[in-house]
Amino acid sequence: MKTLKDVKVGETCQVTKLHGEGPVKRRIMDMGITKGVEIFVRKVAPLGDPMELNVRGYELSVRKADAEMIEVQ
């Protein structure tokens, strides 16, 4: 299983499944990360947290803990 956390800077991936439950999953979906959406990884902070992404035409920062809940291909 490959998660968003495993995607390298400069790569684009597609969301296949969201893990987690309740408010955490809801928050991820509210940010526009849903099944089938494409995500481009712009950069990662020097210590690895957070990751900066392009989703649906806007920029988004996501913590590694949240990135682990997003399964991609």
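These numbers come from the heavy atoms of this one structure, side chains and all, not from hydrogens, waters or symmetry mates.
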**Q.** Which atom of Met29 lies closest to which atom of Thr34, heavy atoms considered
**A.** O-CG2, 4.3 Å

Q.
Looking at every heavy atom in both Asp66 and Val62, which two are closest together, and how far apart are they?
A. CB-CG1, 3.7 Å

Q | Residue that, paired with Leu4, satisfies side-chain contact (heavy atoms from CB on, under 4.5 Å) out of Ile28, Val15, Leu53 | A | Leu53

Q. Given the rule in the side chain to side chain contact (heavy atoms under 4.5 Å, CB included) test, do Glu71 and Lys2 qualify, once you have shown the distances and angles that lead to the verdict?
A. CA-CA 6 Å; Glu71 191 175 323; Lys2 183 178 176 184; over 6 Å; no

**Q.** Short side-chain to backbone donor-acceptor contact, Thr3 and Ile70, under 3.5 Å
**A.** no

Q. Where do Gln14 and Val37 land on the side chain to side chain contact (heavy atoms under 4.5 Å, CB included) test, with the steps shown first?
A. CA-CA 6 Å; Gln14 188 173 20; Val37 77; over 6 Å; no

Q: Would you confirm whether Arg63, through its side chain, and Pro50, through its main-chain N or O, come within 3.5 Å as a donor-acceptor pair?
A: no

Q. Of the non-hydrogen atoms in Val41 and Met51, which two are nearest, and what is the gap between them?
A. CG1-CE, 4.1 Å

(Q) Considering only residues two or more places apart or on different chains, which pairs with a residue in residues 3-22 satisfy salt bridge (charged side-chain N to carboxylate O under 4.0 Å, His left out)? (A) Lys5-Glu68

Q) What salt bridge (charged side-chain N to carboxylate O under 4.0 Å, His left out) pairs are there with at least one residue in residues 36-53, not counting sequence neighbours? A) Arg42-Glu52, Arg42-Glu59

(Q) Any carboxylate oxygen within less than 4.0 angstrom of a Lys/Arg side-chain nitrogen, looking at Asp30 and Arg27? (A) no

Q) Applying the 4.5 Å side-chain criterion to the ILVMFWY set and letting contacts propagate, would Leu60 and Met69 be lumped into a single cluster? A) yes

Q: Tell me whether Val72 is reachable from Val55 by hopping between hydrophobic residues (I, L, V, M, F, W, Y) whose side-chain heavy atoms are closer than 4.5 Å.
A: yes

